[in-house]
Amino acid sequence: MDVGQMQRQWIDYTKSLFLEGFLDGQFLQLQQLQDENNPDFVVEVVSLFFEDSERLLKDLTFALNQNGVDFKKVDAHVHQLKGSSSSIGAQRVKNACIAFRNFCEEQNTDACLRCLQQVKQEYCLVKNKLETLFGLEQQIVAAGGSIPTELSFSG
Amino acid sequence: MDSNTVVSWPRMSENIDGFGLSPKKSDEVHVLAVDDSLVDRKVIEHLLKVLACKVTAVDSGLRALQLLGLLDDQKIPSETNDFVGLKVDLIITDYCMPGMTGYELLKKIKESSTFKETPVVIMSSENVLPRIDRCLEEGAEDFIVKPVKLSDVKRLKDYMTTKEVRGESQGREGIHKRKLLDTSDVSSSSSPPSISSSSLPSAPSVIDSPTRRLKMASTD
């Protein structure tokens, strides 16, 4: 595959992530902030998001499996996860968190556990997708090309 | 207001050293960003850097107060800049933080003598009107709903630089405001000019109109 093909593949893949709702405009914002001076910005922020999320998901699992669930704590964790997913444009994770918080308010443990599963699932999906995307980027750069800066489609 | 005026302001900073205003070491605007989220700190830091701001990012209100020299045990009344802490042009803080909220931080900043004029902007993922009102009432300059975008930060920078151009004249020591009164028709002020023009070094870039600038230059 030549660089041109790889770049087109990258564009198509990125577009699909937006169309399928995995990513939203905020991710575009981050991509637009990446330049020669900060060529790894998106990867760095997303890596932080991965670390943060994994910690939060672990904490959530722990908190929801206690005998007396502290819903305030659970809600605080979900709020954090919602925030960071929103900041990187991980739309489906964010939406799952919003639903999750509603059940925290209701103090419904079962529903919360289901939400947690949902959030974990969305997180895994977006993680895989982003890792694939970054893999494509690495290939482009390794082949001497540059990552396209314009997706030219209305979001 | 033309961009020239805005750009020339920082270069005149050495003229105002004598008034206890911290000298800018460079043309850069220095922003203190406060957010408990690592991801958000990274994003806001980058957004600000893209706009050529110097950024210090901290993870709590307490840390911020410490940096600003506003923690209770740090309250050393002093005119010298050494004790005042960082020179900060804007403070941008998240609202929901464990420990001290952004609102509480805002209050502490506005209560301080050193930083009460510093614009404080609140960020929140929740678009809650009473919350926004409360912050604005407490003196917050602006309220940004997260996720923060470049356009949000750009807006802040624009109006903050503008405010600096006008703000020095209306704000901190009031000296430049009085200076303006000597030479122009600032109608909003009610305080009489008590410092004569000749005792002040000229700071023509404080004003934002070419006409006034000419007037200022002529009083040298």
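Just so we're on the same page: letters track the sequence lines, and every chain starts at 1. Side-chain atoms are counted along with the backbone in the values below, which use heavy atoms only and exclude waters and symmetry mates.
The stretch residues 78-86 of chain A places A:H79, A:Q80, A:K82, A:G83, A:S84, A:S86 near chain B, each with some heavy atom under 4.5 Å from a heavy atom of that chain. Proximity to chain B at a heavy-atom threshold of 4.5 Å picks out A:R101 from residues 92-125 of chain A, in numerical order. Within residues 44-57 of chain A, the residues that have a heavy atom under 4.5 Å from a heavy atom of chain B are A:E44, A:V45, A:L48, A:F49, A:D52, listed by number.
Salt bridge status for A:K72 with A:D75: absent, with no side-chain N to carboxylate O gap under 4.0 Å. Look at B:R155 and B:D142 and you find a salt bridge, because one of the NZ, NE, NH1 or NH2 atoms lies within 4.0 Å of a carboxylate O, short of that distance. Using a cut-off of 4.0 Å between Lys/Arg side-chain N and Asp/Glu carboxylate O, B:K42 and B:D35 are scored as not salt-bridged. A salt bridge does not link B:K108 to B:E104: none of the charged nitrogens lies less than 4.0 Å from a carboxylate oxygen.
Considering all non-hydrogen atoms of both residues, B:L70 and B:T114 come closest at CD2-OG1, 3.5 Å.
When each of B:D94, B:V39, B:L38 is checked for heavy-atom pairs under 4.5 Å with chain A, B:V39 comes out on top.
Side-chain contact between B:L67 and B:V58: present, with at least one pair of heavy atoms (C-beta onward) separated by less than 4.5 Å. Within the 4.5 Å cutoff, the side chain of B:D40 has no heavy atoms near those of the B:V148 side chain. Between B:V120 and B:T93 there is a side-chain heavy-atom pair separated by less than 4.5 Å.
In this structure, B:R131 fails the cation-pi test against B:Y103, since its NZ or CZ atom is not both closer than 6.0 Å to the six-membered ring centre and inside 45 degrees of the ring normal.
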- Message: Assess the residue pair B:D89 and B:T118 against the criterion (side chain to side chain contact (heavy atoms under 4.5 Å, CB included)); give the C-alpha distance rounded to whole Å, side-chain angles, the decisive distance to 0.1 Å, and a yes or no.
- Response: CA-CA 6 Å; B:D89 300 298; B:T118 308; 6.0 Å; no
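Counted within 6.0 Å of NZ on A:K127, heavy atoms from surrounding residues, nucleotides or ligands total more than 12; the atom is thus considered enclosed.
Distance CD1/B:I91 to CD1/B:I122: 10.0 Å, rounded to 0.5 Å.
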Considering only distance and modelled atom types, tabulate donor-acceptor pairs under 3.5 Å from the side chains of residues 16-25 of chain A, sequence neighbours left out.
unit_1	atom_1	unit_2	atom_2	d
A:S16	OG	A:Y13	O	2.6
A:D24	OD1	A:Q26	N	3.0

